[in-house]
Amino acid sequence: MRRILAVDDNKDILELLQYILEDYGYKVLTLADGHNLFEKINEYRPDLILLDIMLGDMDGRELCKEVKQKTETNNIPVILISASHDAGDLTRHENGKPDGFIPKPFDINTLLNTVQRQIAA
């Protein structure tokens, strides 16, 4: 079973992501902030990370950059999610660019297709 780590400071979004993805056969661990991200990555060994850009006092783009720059995590696909940013905002991050982007509110088919495409890659 493929494992997904979902990080969002909105509890309702986390519950929705977990419900949808588990319904499609994924195992999902959720985090309400990014403070313990690398600890959870080491424990859970996710096949993919869904990461909100606006995480209260943290920036998901910076966390994505850290994931992509660490040798032990750079092979994990990261999909950023945001209601206040668009995919164009992400092209400025040459080092640590995410593997995908999903705008909020997200369409279930877009979510599933993006996740499946990145896990299959």
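Only a predicted model underlies this, so the values are computations on that prediction, with no experimental measurement involved.
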Measuring only between side-chain heavy atoms, which start at C-beta, is [X] closer than 4.5 Å to [Y]?
X	Y	result
Leu55	Leu63	yes
Val28	Leu17	no
Leu21	Leu50	yes
Ile53	Asp59	yes
Ile79	Pro98	no
Lys27	Tyr44	yes
Asp57	His35	yes
Leu29	Arg3	no

Between Lys70 and Glu66, is the closest basic N to carboxylate O distance under 4.0 Å?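 Judged by the 4.0 Å cut-off on N to carboxylate O distance, Glu66 and Lys70 do not form a salt bridge.
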Show your reasoning for whether side chain to side chain contact (heavy atoms under 4.5 Å, CB included) applies to Lys68 and Asp99. CA-CA 10 Å; Lys68 292 301 184 178; Asp99 298 282; 2.6 Å; yes
Side chain to side chain contact (heavy atoms under 4.5 Å, CB included), that's the test. Do Tyr26 and Leu48 meet it? Break it down for me. CA-CA 10 Å; Tyr26 297 102; Leu48 181 133; over 6 Å; no
Check whether [X] and [Y] end up in the same hydrophobic cluster, where Ile, Leu, Val, Met, Phe, Trp and Tyr are linked by side-chain heavy atoms less than 4.5 Å apart.
X	Y	answer
Ile49	Tyr24	no
Met54	Ile81	no
Leu5	Leu80	yes
Ile76	Met58	yes
Leu111	Phe101	no

Nearest-0.5 Å distance that lies between atom [atom1] in [X] and atom [atom2] in [Y]:
X	Y	atom1	atom2	result
Arg2	Ile119	CZ	CD1	6.0 Å
Asp12	Glu15	CG	CD	6.0 Å
Leu51	Leu31	CG	CG	9.5 Å
Phe38	Asn42	CZ	CG	9.0 Å
Asn113	Thr110	CG	OG1	6.5 Å
Asp8	Ile13	CG	CD1	6.0 Å

Begin from the C-alpha positions of Val7 and Leu37 and carry the test side chain to side chain contact (heavy atoms under 4.5 Å, CB included) through to its verdict. CA-CA 8 Å; Val7 187; Leu37 179 64; 3.9 Å; yes
List the residues meeting side-chain hydrogen bond (donor to acceptor under 3.5 Å, both in side chains) with Asp9, not counting sequence neighbours, and say none if there are none.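 side-chain hydrogen bond (donor to acceptor under 3.5 Å, both in side chains) check on Asp9 returns nothing, list empty.
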Return the set of residues passing side-chain hydrogen bond (donor to acceptor under 3.5 Å, both in side chains) with Glu22 (not counting sequence neighbours), or none when no residue passes. Gln18
For a quick test of reading the model, state the closest non-hydrogen atom pair linking Lys97 to Cys64 and the distance between them.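 Heavy atoms of Lys97 and Cys64 come nearest at C-SG, 4.2 Å.
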Counting only heavy atoms not in Ile108 (residues, nucleotides, ligands), do more than 12 fall under 6.0 Å from its CD1?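 No - once you tally the heavy atoms of other residues, nucleotides and ligands closer than 6.0 Å, there are 12 at most.
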